[in-house]
K.L.:
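So that we are looking at the same thing, I have put the structure below in structure tokens.
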Amino acid sequence: MAKTISINAGSSSLKWQLYQMPDEKVLAKGIVERIGLKDSIFTVKYGNGEKFEIITDILEHDLAVQKLLEALIQLKIITDYKEITGVGHRIVAGGEIFKESVVINDDVLAKIEALADLAPLHNSANAAGIKAFKKVLPDIVSVGVFDTAFHATMPEVAYRYGIPKEYYEKHQARKYGAHGTSHDYVANEAAKLLGKSVTDLKLITAHIGNGASITAVCHGKSIDTSMSFTPLAGVMMGTRSGDLDPSLIPYLMEKTGISDIKEMTEILNKKSGLLGVSGISSDMREIIEARKSGNSDAKLAFDMFSDRIRKYIAQYFAVLNGADAVVFTAGIGENSNWVRSEIINQMTWFGIAIDEVKNVARAKGIISTEDSKVKVLVIPTDEELMIPRDVEKLKNYS
Ligand code: ADP
């Protein structure tokens with residue numbers, strides 16, 4: 001049976017999962033952290049809950065890949081590298097070029113690197129992961145799966161900005177979205193749960209984790225999404241501000257004396273959102289705890305978080321002209337019944353209502369009341385799984 005490895009390479013980390021295909025069984029998974037630094041952490045989980053961990057210096061992605069392949073043999077997860085028939089790479093920005101997953105050749109790799117303008121940290125790291133695998137296992141098929149591809153179906157009216165058109169034409173300044181594989185996956189799982197074809201449904205998918213985005217999915221296709229040119233836009237998140245008035249940026253730079261725009265965008269990406277408003281944490285569990293103990297900043301952060309998501313969901317009722325279901329997924333969406341009810345309970349005018357018993361009890365399934373016109377679903381996401389699936393689809397086309 002084929003074994004496929006999925007890779008999610010960051011600038012200093014490499015997450016991976018080894019699947020047996022086509023039955024989609026996870027044989028092992030792991031993460032290499034602190035690549036490029038001393039004392040990198042190399043972890044593998046496999047078998048029946050076994051764990052292998054070493055701390056060693058891994059200075060480059062090449063070495064991380066080499067170590068992970070060696071570990072697969074050493075831990076007897078595979079007996080020969082030949083068992084691995086494909087590798088799939090998660091790539092953050094596909095720009096206007098990649099509207100679906102592709103087999104990676106030299107030309108594709110060059111284009112992925114050129115798209116680093118749109119996601120500077122991510123695409124360069126993704127490319128490093130691709131090159132590392134090509135070096136160590138040159139003969140296996142390599143597939144790129146793009147975070148943006150699911151949103152390639154957005155109409156121009158949704159993806160263009162109200163700015164001079166040459167900025168779009170010359171510099172591709174437009175909305176691209178993100179979390180595409182997750183929105184795609186949960187939309188299809190929602191259809192299965194509702195016993196319908198996804199092509200017959202209008203869905204609003206809410207991926208709410210540390211990063212968060214909301215998507216309007218019409219008949220299986222994304223027609224609008226809250227993240228935009230980069231993942232900074234849309235709803236307020238763990239550390240990202242979400243939407244704000246662009247005029248605020250020069251104003252704040254002048255007032256604070258920050259002269260480097262990179263420093264300012266870093267603040268909006270890493271020090272804002274739940275963390276910035278609460279001054280406590282970017283982690284929703286800690287915000288909920290602090291709120292319970294009466295911290296007013298935590299209460300405000302929680303309320304703003306829910307408010308922004310609620311407003312995007314309301315927008316997408318208009319974009320879709322009504323929806324069959326709202327789907328919650330990712331760390332917060334899957335686990336926090338409190339956030340879900342906070343968002344939905346103020347939207348009953350839309351004909352949507354949560355059954356609190358189901359909301360508290362269910363980790364997966366329908367949590368709306370019997371007579372709710374719009375269903376509410378909780379679906380655990382599995383972004384990783386879309387990668388080996390696409391490798392399987394494409395591996396005979398290399
Ligand atoms: P990422 O975007 O990093 O993949 P996740 O999807 O893992 O993020 O979501 C992480 C978030 O989920 C954190 O804010 C965490 O506090 C939150 N979370 C996880 N479990 C719960 C829970 N039981 N209640 C509330 N929030 C939770």
Side-chain angles (χ1 to χ4, degrees), residues 6-17 29 31 33 45 90 92 119 121-122 125-126 145 147-148 177-186 189 205-215 225-227 230-242 269-293 295 297-306 308-309 327-344 354 356 358-364 367 378-387:
S6 74
I7 298 294
N8 184 352
S11 51
S12 66
S13 70
L14 190 136
K15 281 191 213 156
W16 59 271
Q17 295 210 40
K29 59 180 167 181
I31 179 164
E33 295 165 273
K45 288 185 182 158
R90 175 186 174 209
V92 169
L121 291 178
H122 292 111
N126 299 154
V145 178
D147 262 17
T148 48
H179 290 147
T181 46
S182 177
H183 290 289
D184 189 6
Y185 176 83
V186 298
E189 289 297 303
T205 50
H207 176 113
I208 317 176
N210 190 31
S213 66
I214 319 298
T215 296
T225 193
S226 61
M227 282 180 171
T230 70
L232 178 55
V235 297
M236 190 176 109
M237 307 176 214
T239 61
R240 297 189 190 119
S241 62
N269 269 301
K270 304 237 167 98
K271 297 193 174 150
S272 301
L274 289 176
L275 174 66
V277 176
S278 71
I280 296 171
S281 173
S282 62
D283 191 292
M284 182 52 93
R285 283 165 294 201
E286 288 178 31
I287 295 293
I288 290 174
E289 281 315 304
R291 183 191 157 161
K292 275 186 194 156
S293 58
N295 184 298
D297 289 334
K299 179 180 179 335
L300 179 63
F302 180 91
D303 290 350
M304 285 172 66
F305 186 86
S306 314
R308 302 306 190 266
I309 294 168
V327 184
F328 285 102
T329 194
I332 301 171
E334 288 165 30
N335 295 304
S336 179
N337 56 296
W338 202 3
V339 172
R340 293 192 298 254
S341 46
E342 186 73 20
I343 293 167
I344 299 296
I354 277 186
E356 274 311 326
K358 291 181 189 161
N359 186 30
V360 172
R362 288 234 164 119
K364 179 177 178 180
I367 57 161
V378 178
I379 298 190
T381 193
D382 197 342
E383 301 168 78
E384 295 290 330
L385 184 55
M386 302 302 266
I387 298 177

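Counting starts at 1 for both ligands and their atoms, following the listed order. Side chains included, hydrogens not; waters and symmetry mates left out as well; all remaining heavy atoms used. The first residue in the sequence is number 1, and the count goes up from there.
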K.L.:
Which ligand 1 atoms are under 4.0 Å away from a heavy-atom of Gly211?
P.N.:
2 (O)

K.L.:
Out of all atoms in ligand 1, which are within 4.0 Å of some heavy atom of Ser336? Include the element for each.
P.N.:
24 (N), 25 (C)

K.L.:
Any chance you could lay out the side-chain contact (heavy atoms from CB on, under 4.5 Å) test for Ser213 and His183, step after step, and finish with the verdict?
P.N.:
CA-CA 9 Å; Ser213 66; His183 290 289; 2.8 Å; yes

K.L.:
When you compare the side chains of Glu286 and Ser281, does any donor N or O come within less than 3.5 Å of an acceptor on the partner?
P.N.:
yes

K.L.:
Please compare Ile288, Thr329, Asn335, Thr239 and report which has the shortest non-hydrogen distance to atom 21 (C) of ligand 1.
P.N.:
Asn335

K.L.:
Check each atom of ligand 1 against the heavy atoms of Ile332 and keep those under 4.0 Å away; list them by number with element.
P.N.:
11 (C), 12 (O), 14 (O), 17 (C)

K.L.:
For atom 7 (O) of ligand 1, what is the closest protein heavy atom, and at what distance to 0.1 Å?
P.N.:
Gly331 CA, 4.3 Å

K.L.:
Give a yes or no on whether the backbone of Ile214 and the side-chain of Ser226 come within a donor-acceptor separation of less than 3.5 Å.
P.N.:
yes

K.L.:
Parallel, tilted or perpendicular: which describes the rings of His179 and His207, with under 30° parallel and over 60° perpendicular?
P.N.:
parallel

K.L.:
What is the closest protein heavy atom to atom 10 (C) of ligand 1, and at what distance does it sit?
P.N.:
Asn210 N, 3.7 Å

K.L.:
In the protein, which heavy atom is nearest to atom 16 (O) of ligand 1, and how far is it?
P.N.:
Asp283 OD1, 2.5 Å

K.L.:
At less than 4.0 angstrom from any non-hydrogen atom of Ala330, what atoms of ligand 1 do you find?
P.N.:
6 (O)

K.L.:
Kindly state if atom 3 (O) of ligand 1 has a protein heavy atom within a strict 4.0 Å cut-off, that is, under 4.0 Å?
P.N.:
yes

K.L.:
Evaluate side-chain contact (heavy atoms from CB on, under 4.5 Å) for Tyr185 paired with Thr329, printing each intermediate quantity in order.
P.N.:
CA-CA 10 Å; Tyr185 176 83; Thr329 194; over 6 Å; no

K.L.:
With atom 24 (N) of ligand 1 as the reference point, say which of His179, Arg285, Met284 has the nearest heavy atom.
P.N.:
Arg285

K.L.:
For Glu189 and Lys364: C-alpha separation, side-chain torsions, deciding distance, then whether side-chain contact (heavy atoms from CB on, under 4.5 Å) applies.
P.N.:
CA-CA 10 Å; Glu189 289 297 303; Lys364 179 177 178 180; 3.9 Å; yes

K.L.:
A side-chain contact here means heavy atoms from C-beta on lying under 4.5 Å apart; do Glu383 and Asn8 qualify?
P.N.:
no

